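FYI, side chains are in, hydrogens and waters are out, and symmetry mates aren't considered; it's all heavy atoms of this structure. Bear in mind the structure is a predicted one, so any value in this text is a computation, not a measurement.
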Amino acid sequence: MKGRADWEIHIFFIVWGVALLHALVRPVRSAWIEQLWAAAAMLFLLPVLNAVSTQRPFWRSLMEGDWIFAGMDIMCWVLALLHATLAIRAARKGIVSQPKLRPSRSASTTVASGEGVA
């Protein structure tokens, strides 16, 4: 493909912009969970795309002992599993929910009531 390197850069920034737009229009908790799942899916499918579009699929790299290519595919799958695990934990336990702030008493109220004076 002519201009492939340029298009790879363009697509990177387009996806980045779409992720930002998604985060702005969705509730915080939902956006986190959805983007973790999207990252897991993309990381899982990257070695599949590599197998379809290049001469170096995972099984060939393993058979030839090419641990650089095989290691990249394995690392993508490990990171996909990590992102999926984080998405599941966030959905179940509400890990990414906003912390509730306690109302604090102002310093002037504390001093006026005599509580902060020694």
Open item on the list: Does atom CG (L24) have a neighbourhood of more than 12 heavy atoms from anything else shown, all under 6.0 Å?
Closed with: yes
Open item on the list: Which label fits W16 and F13: parallel for a plane angle under 30°, tilted from 30 to 60°, or perpendicular past 60°?
Closed with: tilted
TODO: Establish whether F44 and I74 are linked, either directly or via other cluster members, by ILVMFWY side-chain heavy-atom contacts under 4.5 Å.
DONE: yes
Task: Any donor-acceptor N/O pair, R26 side chain to W32 backbone, under 3.5 Å - done: no
Open item on the list: I need the L86 CG to L81 CG distance, nearest 0.5 Å.
Closed with: 9.5 Å
TODO: Say whether, by atom type as modelled, one donor and one acceptor occur between the side chain of H83 and the main chain of L79 under 3.5 angstrom.
DONE: yes
TODO: Would you kindly confirm whether F12 and I9 end up in one hydrophobic cluster when ILVMFWY residues are joined by side chain heavy atoms under 4.5 Å apart?
DONE: yes
Task: Atom of R60, atom of Q55 and distance for their closest heavy-atom approach - done: NH1-O, 2.7 Å
Task: Smallest separation among heavy atoms of S61 and A70, with atom names - done: CB-N, 3.9 Å
Task: Within-4.5 Å side-chain heavy-atom neighbours: H10 and W7 - done: yes
- [ ] Decide whether W77 and L62 are clustered together by the hydrophobic rule: side chain heavy atoms of Ile, Leu, Val, Met, Phe, Trp, Tyr closer than 4.5 Å, transitively.
- [x] yes
Open item on the list: Between N50 (side chain only) and F58 (backbone N and O only), is there a donor and an acceptor less than 3.5 Å apart?
Closed with: no
TODO: Give the minimum heavy-atom separation between A23 and A31, together with the two atoms involved.
DONE: CA-CB, 4.1 Å
- [ ] Could you state whether M75 and L82 fall into the same hydrophobic cluster, counting links through intermediate Ile, Leu, Val, Met, Phe, Trp or Tyr residues with side-chain heavy atoms under 4.5 angstrom apart?
- [x] yes
TODO: To the nearest 0.5 Å, tell me how far L49 CG sits from T54 OG1.
DONE: 8.0 Å
Task: Joint cluster assignment, W59 & W67, ILVMFWY side-chain distance < 4.5 Å - done: no
